[in-house]
Amino acid sequence: MKKIALAGNPNTGKSTLFNALTGMKQHTGNWPGKTVMHAEGTFKHQNEEFLLVDLPGTYSLFSNSTDEEVARDHIIFDHPDVTMVVLDATSLERNLNLALQVLEITDKVIICINLIDEADKKGIIINEKKMSNVLGVPVIKISARNKKGFDQLLNTLSLMVKGQIKTTPYRMKYSDEVEQKINHLELKVNEVFGSCYPSRWIALRLLDGDENLFNRLKQEWQKTKKGVKFDEYSVSVHS
Ligand SMILES: Nc1nc2c(ncn2[C@@H]2O[C@H](COP(=O)(O)OP(=O)(O)OP(=O)(O)O)[C@@H](O)[C@H]2O)c(=O)[nH]1
Ligand SMILES: [Mg+2]
């Protein structure tokens, strides 16, 4: 079963899309050890079964809140086959911030521009082809409430899980000085975790002093590599 994550800012229609796709085939509870709602459900398309996870709405994937932590940890540690980022067509500028963060983490991304009916009403015209060229991943206009654009979305999803869509996600370039530090840390992260996790993104977060992510990585390390001291690798926040 292919695992699909639904990420996006609050109120962009993730749960509406989730409900439209999974119908009654869903169950809810809490994320382990958290008081954040966890909803997952299944659906089929072209004989392929998908497990869809509705993530809490967040503005970023840093460690500012439990919601952000849950969304971030799912995308990093649960390895979804595809992450669909749901954007509000009427406030793209704000919404794209999260999309760029997801693109830093994974190259299996589909951008869904939702509430396209609202954008139409406001006379907002979105050139999804141009956006797709710039972002390097498929961009699809939908209306979750009216079930518009679903065929194209699901066909794209099927192609992506089969590895038939090549993406080139947009990645921010920083100043030479910062890039040097990123490269240095990235090598260390690779040494510790191999290709398990997105090393460039982790290096960026460590440079930013994200202690919460650091501790979570340490936990993951201790789960898999008992007996070897993480600290011996001298990867640390602010290194
Ligand atoms: N007009 C219009 N409204 C929509 C569409 N999709 C969702 N909505 C509405 O947008 C509101 C928010 O939808 P939700 O699905 O709850 O959004 P969410 O992203 O799950 O929100 P959080 O869980 O808080 O992050 C609801 O009132 C929906 O009915 C759409 O395509 N068009
Ligand atoms: Mg929701």
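Order of appearance sets the numbers: ligands from 1, and atoms from 1 within every ligand. These figures come from a predicted structure and were not determined experimentally. Heads up: numbering here begins at 1 and tracks the sequence.
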Looking at ligand 1, does any of its N/O atoms fall within less than 3.5 Å of an N/O of [X]?
{"X": "I142", "value": "no"}
{"X": "T16", "value": "yes"}
{"X": "T12", "value": "yes"}
{"X": "P56", "value": "no"}

To check your reading of the model: name the closest protein heavy atom to [atom], its residue, and the distance in Å.
{"atom": "atom 4 (C) of ligand 1", "answer": "L115 CD2, 3.7 Å"}
{"atom": "atom 5 (C) of ligand 1", "answer": "R145 CB, 3.5 Å"}
{"atom": "atom 19 (O) of ligand 1", "answer": "K14 NZ, 2.7 Å"}
{"atom": "atom 24 (O) of ligand 1", "answer": "N11 N, 3.7 Å"}

Query raised in the report: Would you say atom 26 (C) of ligand 1 touches the protein, meaning some protein heavy atom is under 4.0 Å from it?
Result: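 No, because not a single protein heavy atom sits under 4.0 Å from atom 26 (C) of ligand 1.
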Query raised in the report: Distance below 4.0 Å between atom 10 (O) of ligand 1 and any protein heavy atom?
Result: no
Ligand-side contact atoms (ligand 1) for residue partner [X], heavy atom cut-off under 4.0 Å:
{"X": "E118", "answer": "1 (N)"}
{"X": "G57", "answer": "25 (O)"}
{"X": "S143", "answer": "30 (C), 31 (O), 32 (N)"}

Query raised in the report: Under 4.0 angstrom from ligand 1, any heavy atom of D117?
Result: yes
Query raised in the report: Do D88 side-chain atoms and T90 backbone N/O form a donor-acceptor pair below 3.5 Å?
Result: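 Checking the backbone N and O of T90 against the side chain of D88, a donor-acceptor pair under 3.5 Å is found.
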Under a 3.5 Å cutoff, is there a donor and acceptor pairing between the side chains of [X] and [Y]?
{"X": "S143", "Y": "D117", "result": "yes"}
{"X": "E69", "Y": "N64", "result": "no"}
{"X": "R200", "Y": "N190", "result": "no"}
{"X": "Q180", "Y": "D176", "result": "no"}
{"X": "D54", "Y": "H38", "result": "no"}

**Report entry** Aromatic F77 / basic R216 pairing, under 6.0 angstrom, 45° off normal
**Finding:**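 R216 over F77 ring: yes.
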**Report entry** Non-hydrogen side-chain atoms of K162 and Q46 separated by less than 4.5 Å
**Finding:**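 Yes; the side chains approach each other to less than 4.5 Å.
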Requested in this report: Would you sort out whether V86 and L17 count as a side chain to side chain contact (heavy atoms under 4.5 Å, CB included), showing the intermediate values?
Outcome: CA-CA 9 Å; V86 183; L17 178 61; 4.1 Å; yes
Query raised in the report: Does the pair E118/K121 count as a salt bridge with the N-to-O cut at 4.0 Å?
Result: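 Yes, this pair counts.
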Query raised in the report: Is the shortest side-chain N to carboxylate O distance from E128 to K141 below 4.0 Å?
Result: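 Here E128 pairs with K141 in a salt bridge, since their nearest N and O are under 4.0 Å apart.
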Query raised in the report: Which is closest to atom 20 (O) of ligand 1 by heavy-atom distance: P10, G13, G8, S15?
Result: S15
Report task. Could you confirm whether N11 has any N/O/S atom lying under 2.8 Å from the Mg ion (ligand 2)? Result -> no
Query - Mode of N114 contact toward ligand 1 - side chain, backbone, both, neither (heavy atoms, under 4.0 Å) - result: side chain
